[in-house]
Amino acid sequence: MSQMNGARFTDDPRSLLRSNLDELELRINRACMRARRRRSELRVLPVSKTVPAAIIRIASELGLCEFGENKVQEAESKVRDLADLSLSSSCGRNQSDSSGWPS
């Protein structure tokens with residue numbers, strides 16, 4: 001993955017995310033075929049921990065609507081910044097000063 005100013009995202013995060021999602025879908029579909037499962041039985045739950053709200057917004061525009069978050073400070077900030085979107089979920093144990101993304 002390319003780097004931008006020390007970050008994980010390129011100058012074109014939408015293209016990077018689209019490419020990564022396309023590759024992920026291929027891998028999921030292959031795994032489903034091997035396991036004889038339907039794709040509809042699985043969901044993708046990207047973890048938004050340390051990911052800026054602007055990138056989550058792009059991911060939402062690309063069709064993702066559930067994100068894992070376990071840091072309360074980040075979740076609260078992102079909920080405010082992304083209040084116009086219908087996002088939900090949380091994952092794992094919340095960190096000691098944390099809570100999950102609201103459902």
Side-chain angles (χ1 to χ4, degrees):
M1 189 179 301
S2 299
Q3 301 286 313
M4 178 183 77
N5 301 328
R8 294 171 291 191
F9 304 99
T10 65
D11 291 328
D12 186 6
R14 180 179 306 280
S15 292
L16 176 64
L17 287 172
R18 175 79 273 152
S19 175
N20 286 348
L21 286 172
D22 289 345
E23 177 62 27
L24 178 62
E25 242 349 276
L26 285 172
R27 293 175 67 185
I28 290 171
N29 286 326
R30 286 186 202 127
C32 284
M33 287 174 37
R34 285 191 310 271
R36 298 173 199 230
R37 294 186 67 180
R38 293 185 304 256
R39 172 62 181 96
S40 61
E41 295 179 74
L42 306 174
R43 71 178 181 161
V44 173
L45 182 63
V47 176
S48 60
K49 181 177 174 181
T50 74
V51 175
I55 300 299
I56 296 169
R57 181 171 296 280
I58 292 169
S60 173
E61 292 167 1
L62 293 173
L64 297 172
C65 59
E66 295 181 279
F67 297 87
E69 180 66 66
N70 68 347
K71 286 188 166 187
V72 72
Q73 292 87 353
E74 286 189 40
E76 288 173 346
S77 168
K78 291 171 188 175
V79 166
R80 281 191 305 274
D81 293 345
L82 303 169
D84 59 309
L85 302 177
S86 179
L87 304 176
S88 66
S89 213
S90 65
C91 69
R93 288 185 53 207
N94 293 328
Q95 294 185 4
S96 59
D97 61 347
S98 314
S99 72
W101 195 286
S103 293

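This is a predicted model, so every value here is computed, not measured. All residue numbers refer to positions in the sequence shown, counting from 1.
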- Message: The criterion is salt bridge (Lys or Arg N to Asp or Glu O under 4.0 Å); which residues satisfy it with Asp22, sequence neighbours excluded?
- Response: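 Result, salt bridge (Lys or Arg N to Asp or Glu O under 4.0 Å) vs Asp22: Arg18.
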
- Message: So, taking the atom named CG in Asp81 and the one named CD in Glu76, what distance separates them when rounded to the nearest 0.5 Å?
- Response: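 Between atom CG of Asp81 and atom CD of Glu76 there are 12.0 Å.
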
- Message: Could you measure the distance from the SG atom of Cys65 to the CG atom of Leu45? Nearest 0.5 Å is fine.
- Response: 10.0 Å

Is the backbone of [Y] close enough, under 3.5 Å, to the side chain of [X] for a donor and an acceptor to pair up by distance?
X	Y	result
Arg80	Ala83	no
Arg57	Leu85	no
Ser48	Gly68	yes

- Those residues that, when tested against Thr50, pass side chain to side chain contact (heavy atoms under 4.5 Å, CB included) (two or more places apart): Arg8, Glu74

- If you look at every heavy atom in Ala53 and Leu82, which pair is closest and at what distance?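 What the structure gives for the nearest pair is O-CD2, 3.6 Å.
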
- For Leu17 and Leu62, work out which heavy atoms get closest and say how close. CB-CD1, 3.7 Å

- Residue pair Leu21 / Leu64, side-chain heavy-atom distance below 4.5 Å: yes

Side-chain atoms of residues 27-36: list all donor-acceptor pairs with protein atoms under 3.5 Å, sequence neighbours left out, distances to 0.1 Å.
unit_1, atom_1, unit_2, atom_2, d
Asn29, ND2, Glu25, O, 3.1

